[in-house]
2 protein chains.
Amino acid sequence: MLITSSQVTNHNHLLAAVQADEFERLKPHLELIQMRLGSVLYESGDRLQHVWFPTTAIVSLQYIMEDGASTEIAGVGNEGVLGVSLFMGGAATPSRAIVQTGGCGYRIKAGLVLQEFNRAESLQRLSLLYIQALITQMSLTAACNRHHSIEQQLCRWLLLTIDRLTSNELIMTQELIASMLGVRREGITEAAGNLKNAGFINYRRGHITVLDRPGLESLSCECYQVVKKEYDCLLSTYASSKHSHSPACRKQ
Amino acid sequence: MLITSSQVTNHNHLLAAVQADEFERLKPHLELIQMRLGSVLYESGDRLQHVWFPTTAIVSLQYIMEDGASTEIAGVGNEGVLGVSLFMGGAATPSRAIVQTGGCGYRIKAGLVLQEFNRAESLQRLSLLYIQALITQMSLTAACNRHHSIEQQLCRWLLLTIDRLTSNELIMTQELIASMLGVRREGITEAAGNLKNAGFINYRRGHITVLDRPGLESLSCECYQVVKKEYDCLLSTYASSKHSHSPACRKQ
DNA sequence: TAAGCTGTGTACGATACCGCACAGACCGTA
DNA sequence: TACGGTCTGTGCGGTATCGTACACAGCTTA
């Protein structure tokens, strides 16, 4: 498939920020693929064969406990990359990467991208920036799991998800959301019912539509704003990092 | 045992694995300092001026919510380094680093260590390895917060803490533990009472003694074993990475 | 059009944890 | 030795979430 970074369906912000000469080297090896809802990019403990750059797909990183209970650790959309542990020197992560919203993304062989990373040029700088944001998201998830109600977390999750989409409708069952948040399906049914009654969302069998963003934000915990800000910051840093090494919008 | 040679008051495993010539460059700038119980290395949003390598001290990374509620995201002992976000290009993290067990550690000016990191030699490789382990710990924390009881988490926390110590006694109030786990102090009192009745621990005003490790392990959730394994793996990878670039003990 | 599966709604007791209140024990200091 | 502050123990009602069970509704396929 032809790669022109102008089209929306094949745009990944991290890749787009890679310097031109580096990108030229990567380009022939980038494979634009379908990422289907529910498909698993890698399981806990897998040796990574590829690295993925989602474009329209959203991928959920989950930790699966011994008894099968799951929890979403972080979400990855077109601002990021999957398989970062490869850069870290370890070849495996303890998490599962599962496609949460079907769409497209780029795939590249692990060896090739690692080689490029180790040249210590823009791909490395960008990846590290991204990992920083990812760590922030993970921290928030840990704290949010401890302190906030299911309803608050549902609002956060919905907001973070539609922020990564072009439409305001997502294809998602309550069962799936429950497994991401690590709660019972019934808990989601109740919370979603409240949001529906409040007029903030609507839904039918496997489809959820967000009607009132500000409404959701008002019910969400602080975690949404913090993560969103971190990613907004990340994106603007990507852009400026093409020309300079200094971060763009951190507190000083 | 997680940390074997921690009897030495000025030993940090990450630093020890840095290649000789690189270490020589760092050495003049390493400042061995006291890290006192309760002192804060950096607050959320601070611009980092230093990077720290604990030797006998243990530092807790906490996320502080707007209402002041706190949660430990990860702990850092002499296997790691504090201020990694510096390497990531962002200068700030959204967490607070607070000394949880008083002791010693090295401090080095941010600029110097960043310079060394950017040479892309062993300090970089080691730091990335460490960040990988840190991410694992954070993932587990998020999942554990969701799924496990206070008692299980207390066991996990105690085990991870004494693994980083030479003695089996830690100086720590129940109030402090509660703020780390993000629960009420009374919840810790009850859980600790159970562990005491079971004969696994003993305590008095601000001192906790672990009497029966296997006992604690049997009550702990799986999270302890997973994190411990990850750090064991990290340490052996440090050692082997002095001579090769390949990870030592990952699943394949 | 009917059957069948999957997704959603609801109910109910059980339970883990919370918030609050206060008593008592320990320990350093005066 | 007495005092005072800090740490720990305990009780009680309130609440969020869980576990389980089951009814029903919406899509898909035959």
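Note on naming: letters A, B, ... go to the chains in the order of the sequence lines (proteins, then strands), and numbering restarts at 1 for each one.
Taking side-chain N and O atoms only, A/R184 has a distance below 4.0 Å to OP1 or OP2 of D/dC18. For the OP1/OP2 pair of D/dC27 and a distance below 4.0 Å, the side-chain nitrogens and oxygens of A/R204 include at least one atom meeting the criterion. For the pair B/Q174 and D/dT6, the criterion of a side-chain N or O lying under 4.0 Å from OP1 or OP2 is not met. The shortest distance between the side-chain N/O atoms of B/Y203 and the OP1/OP2 oxygens of D/dG9 is below 4.0 Å.
What separates CD1 of A/I150 from C1' of D/dT15 is a distance of 13 Å, to the nearest Å. Taking atom CZ on A/R146 and atom P on D/dT17, their separation rounds to 13 Å, with Å as the unit. For the pair A/I208 CD1 and D/dG26 C1', the computed distance is 16 Å after rounding to whole Å. Summarising the geometry, the separation between CD on A/E190 and P on D/dC18 is reported as 11 Å, rounded to the nearest angstrom. Separating the NE2 atom of A/H207 from the C1' atom of D/dC27 is a distance of 9 Å, rounded to the nearest angstrom. To the nearest angstrom, P of D/dT8 lies 16 Å from CG of B/N194. With rounding to whole Å, B/I177 atom CD1 is found 12 Å from D/dC7 atom P. Taking atom NE2 of residue A/H147 and atom C1' of nucleotide D/dA16, one finds them 15 Å apart after rounding to whole Å.
B/R213 contributes no side-chain N or O that, together with a main-chain N or O of B/L159, makes up a donor-acceptor pair within less than 3.5 Å. Panel note: side chain B/E169, backbone B/H207; no donor-acceptor pair is recorded below 3.5 Å. Formation of a donor-acceptor pair under 3.5 Å by the B/Q62 side chain with backbone atoms of B/I98 is not found in this model. Between the side chain of B/T141 and the backbone N or O of B/A74, no donor-acceptor pair lies under 3.5 Å. Side-chain N or O atoms of A/T101 include none that pairs as donor or acceptor with a backbone N or O of A/I58 at under 3.5 Å. Judged purely by atom type and a 3.5 angstrom limit, A/N145 has no side-chain atom pairing as donor or acceptor with the backbone of B/N145.
Nearest approach of A/L37 to A/Q100, heavy atoms of both residues: CD1-O, 3.1 Å. Scanning both residues, A/A192 and A/L154, for their nearest heavy atoms gives N-CD2, 3.8 Å.
In this structure, a donor-acceptor pair under 3.5 Å is absent between the side chains of A/Q132 and A/E230.
Position along DNA chain D of the nearest nucleotide to A/G182 versus A/R205 favours A/G182 as the more 5'-ward residue.
Using a 30° and 60° split on the angle between ring planes, A/H50 and A/W52 fall in the tilted class, from 30° to 60°.
For DNA chain D, no neighbouring residue in residues 57-70 of chain B is found when judged by any heavy atom under 4.0 Å.
Residue-level contact check: A/G187 touches neither bases nor backbone, having no heavy atom under 4.0 Å from any strand.
For CD of B/E190, the number of neighbouring non-hydrogen atoms (other residues, nucleotides, ligands) closer than 6.0 Å is 12 at most.
Taking the centre and axis of the six-membered ring of A/Y231, the NZ or CZ atom of A/R164 falls inside the cone set by 45° and 6.0 Å.
Computed from C1' positions of five pairs at each end, the angle between the two local axes of the helix from C/dT1-D/dA30 to C/dA30-D/dT1 equals 30°, rounded to 10 degrees.
Mapping heavy-atom proximity under 4.0 Å, the span of DNA chain C touched by chain A runs 5' to 3' from C/dT6 to C/dT10.
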